[in-house]
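First up is the structure itself, then whatever we jot down about it.
Atom set for the values below is all heavy atoms of this structure, side chains included, hydrogens, waters and symmetry mates excluded. Please read all numbers here as calculations on a predicted model, not as lab measurements.
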Amino acid sequence: GGGCPVVQQHPRYVAAKKNTPVHFICSSKDPDSMQWYKMVENSNDMHELPDSPRYNIEREGKVINFTIFRITYEDNGIYVCDSKNLRAEKKRPHRCGTELRVMGHSNIQQIQSRNTLKDAIIIIQSILLVVFFSVPMLLFLDKVSDSISSPSSDGLEVEQMATYEDITPFRDVKAKWTVGEHPGEE
């Protein structure tokens, strides 16, 4: 179900610049009964690849090489090596094809503008990371410091005790009543 028992095809994905050559390799026990197909992206269309001056299909032993000499944007798609009689049997090719992505040429100005945009995005992300990590952390630290400085809600209170410096020195004061006054008199 969905495997590739009779075919080994590689690479699985190719991204190449326009006007460059690409090579696909297919190995099979019976290469004479195999055919290259192209499946168009986002479509169920399947096309057999007939002989063309744009590409070459070469059989060497159990290997079938497929080469496109100069790729264009129309070559985007999935290339599958499967049996020749798929159309007659009204079957779909197996899912082990090679996806080709044709990339365009970029000039220096386009590359620099993309790099500038990437740099701006990285800076914005860095600033957002700092903000989203530091603000909650500061709020948490503020909440912790508030809970330490205010009495807790569990009924335990910190008693205020006099420190050594707050104790007045002991003075030998004689009571007023010992000097001649009576404690009842004022």
Checklist entry - For L117, which fellow cluster members are found when Ile, Leu, Val, Met, Phe, Trp and Tyr are connected by side-chain heavy-atom distances below 4.5 angstrom, either directly or through intermediates? => result I121

Item to check | Residue pairs passing the disulfide bond (SG atoms under 2.5 Å apart) test where at least one lies in residues 35-70, sequence neighbours excluded | outcome: none

Checklist entry - By side-chain contact (heavy atoms from CB on, under 4.5 Å), which residues pair with A15, not counting sequence neighbours? => result Y13, R101, M103

Checklist entry - Taking the side chain as C-beta and beyond, is there a heavy-atom pair between T72 and D75 under 4.5 Å? => result yes

Checklist entry - When clusters are formed from ILVMFWY side-chain contacts under 4.5 Å, directly or step by step, what else is grouped with L128? => result I124, F132

Item to check | Least distance between heavy atoms, A16 atom then V22 atom | outcome: CB-CG1, 3.8 Å

Checklist entry - Would a 4.5 Å heavy-atom cut-off, applied to side chains only, mark W36 and Y55 as touching? => result no

Checklist entry - Say you draw a straight line from CG of L100 to CG of N76; how long is it, rounded to the nearest 0.5 Å? => result 6.0 Å

Item to check | From I127 atom CD1 to Q125 atom CD, the distance as rounded to the nearest 0.5 Å | outcome: 11.0 Å

Checklist entry - Which residue pairs satisfy the disulfide bond (SG atoms under 2.5 Å apart) criterion with at least one member in residues 43-75, sequence neighbours excluded? => result none

Checklist entry - If two hydrophobic side chains count as joined below 4.5 Å and joins carry through other members, does L141 share a cluster with V131? => result no

Checklist entry - Just by distance, do the side chain of T67 and the backbone of H23 share a donor-acceptor pair under 3.5 Å? => result no

Next on the checklist: Just verifying a value: how many Å separate R12 CZ and E99 CD, rounded to the nearest 0.5 Å?
Outcome noted: 12.0 Å

Checklist entry - Taking only residues two or more places apart in sequence or in another chain, which ones pass side-chain contact (heavy atoms from CB on, under 4.5 Å) with L138? => result none

Next on the checklist: Using side-chain heavy atoms (C-beta onward) and a distance below 4.5 Å, is I57 in contact with I64?
Outcome noted: yes

Checklist entry - Has R59 got more than 12 heavy atoms of other residues, nucleotides or ligands less than 6.0 Å from its CZ? => result yes

Item to check | CZ on F66 to CE on M34, rounded to 0.5 Å | outcome: 14.0 Å

Item to check | Rounded distance [0.5 Å steps], CD1 in I71 versus NZ in K17 | outcome: 11.0 Å

Item to check | Gap separating the NZ atom of K38 from the CD atom of E48, nearest 0.5 angstrom | outcome: 14.5 Å

Checklist entry - Going through the checks in order, is the side-chain contact (heavy atoms from CB on, under 4.5 Å) test met by Y79 and L49? => result CA-CA 9 Å; Y79 293 84; L49 295 173; 3.8 Å; yes

Checklist entry - Do you know which two heavy atoms are closest between F69 and N56, and how far apart they sit? => result CZ-CB, 3.5 Å

